[in-house]
Amino acid sequence: QVSLVESGGGLVQAGGSLRLSCADSGHTLSKYIMGWFRQAPGKEREFVANIRGSADLTYYADIVKGRFTISRDNAKNTLYLQMNNLKPEDTGVYYCAARFPSGFADTYSRETGYPLWGQGTQVTVSS
């Protein structure tokens with residue numbers, strides 16, 4: 001059983017940084033593919049990044065490459081998203097999500113494959 005809770009959101013000036021956390025109250029976080037998604041007001045939810053496997057393989061949306069870093073601490077059952085050089089267009093509600101691998105080659109960037117979600121944390125980037 002997995003229960004995901006995001007934290008670390010807030011208000012930051014453009015060019016600043018934030019680190020989001022996603023805590024798992026369960027005990028099997030390391031067995032899941034973990035992802036970050038976000039949703040801006042009036043827009044559809046979009047993929048940000050994910051991490052998987054024993055080697056912590058990562059995959060990023062092009063719009064955040066070089067600025068965001070996804071990582072996890074399996075011993076603490078915690079997922080992180082370090083966000084640097086934030087832009088106003090990064091504003092939105094950020095969600096962590098979890099899923100099992102499909103067994104096929106996949107980037108795991110589609111939200112429809114993730115059955116477990118946190119409640120979200122608000123990130124606001126001012127100009």
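Judged as a side chain to side chain donor-acceptor pair (under 3.5 Å), and not counting sequence neighbours, Tyr59 has no contacts. Partners of Thr58 according to the side-chain contact (heavy atoms from CB on, under 4.5 Å) rule, which considers only residues two or more places apart in sequence or in another chain, are Ile51, Tyr60, Ile70.
Across all non-hydrogen atoms, the minimal contact from Val123 to Met83 is CG2-CE, 3.9 Å. Considering every non-hydrogen atom in both Leu11 and Ser126, the closest pair reads CD1-CB, 4.4 Å.
Note that CG of Asn74 is 13.0 Å distant from OH of Tyr32, once rounded to the nearest 0.5 Å. Taken to the nearest 0.5 Å, the CG atom of Leu79 stands 8.5 Å off from the OG atom of Ser21.
The side-chain heavy atoms of Tyr114 and Ile33, taken from C-beta on, include a pair separated by under 4.5 Å. Put simply, the side chain of Phe47 does not reach to within 4.5 Å of the side chain of Thr107, judged on heavy atoms. For the pair Ser17/Asn84, a side-chain contact is recorded, criterion being any heavy-atom separation below 4.5 Å from C-beta on.
Checked by atom type and distance alone, the side chain of Trp36 pairs as donor or acceptor with a backbone atom of Tyr80 at under 3.5 Å.
When the side chains of ILVMFWY residues are joined at heavy-atom separations under 4.5 Å, either directly or via intervening members, Trp117 and Val48 end up in two distinct hydrophobic clusters. No chain of hydrophobic side-chain contacts below 4.5 Å, direct or via other Ile, Leu, Val, Met, Phe, Trp or Tyr residues, connects Phe37 to Met34. Clustering ILVMFWY residues whenever any of their side-chain heavy atoms sit less than 4.5 angstrom apart, transitively, puts Leu81 in the very cluster that holds Ile63.
Residue pairs satisfying the salt bridge (charged side-chain N to carboxylate O under 4.0 Å, His left out) criterion with at least one member in residues 5-15, sequence neighbours excluded, are absent. Here salt bridge (charged side-chain N to carboxylate O under 4.0 Å, His left out) pairs that include residues 68-85, with residues two or more places apart or in two chains, are Asp56-Arg72. Sequence neighbours left out, not one pair with a member in residues 78-87 passes salt bridge (charged side-chain N to carboxylate O under 4.0 Å, His left out).
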Kindly list each side-chain donor-acceptor pair under 3.5 angstrom involving residues 92-100, sequence neighbours excluded, with atom names and distances?
unit_1: Tyr94; atom_1: OH; unit_2: Arg38; atom_2: NH1; d: 2.9
unit_1: Tyr94; atom_1: OH; unit_2: Asp90; atom_2: O; d: 2.6

Report task. Might you work through the side chain to side chain contact (heavy atoms under 4.5 Å, CB included) test for Thr91 and Gln122, ending with a clear yes or no? Result -> CA-CA 8 Å; Thr91 293; Gln122 177 70 43; 4.1 Å; yes

Report task. Would you check, one step at a time, whether the test side chain to side chain contact (heavy atoms under 4.5 Å, CB included) holds for Val12 with Thr124? Result -> CA-CA 6 Å; Val12 65; Thr124 302; over 6 Å; no

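More than 12 heavy-atom neighbours from other residues, nucleotides or ligands sit within 6.0 angstrom of CD on Glu89.
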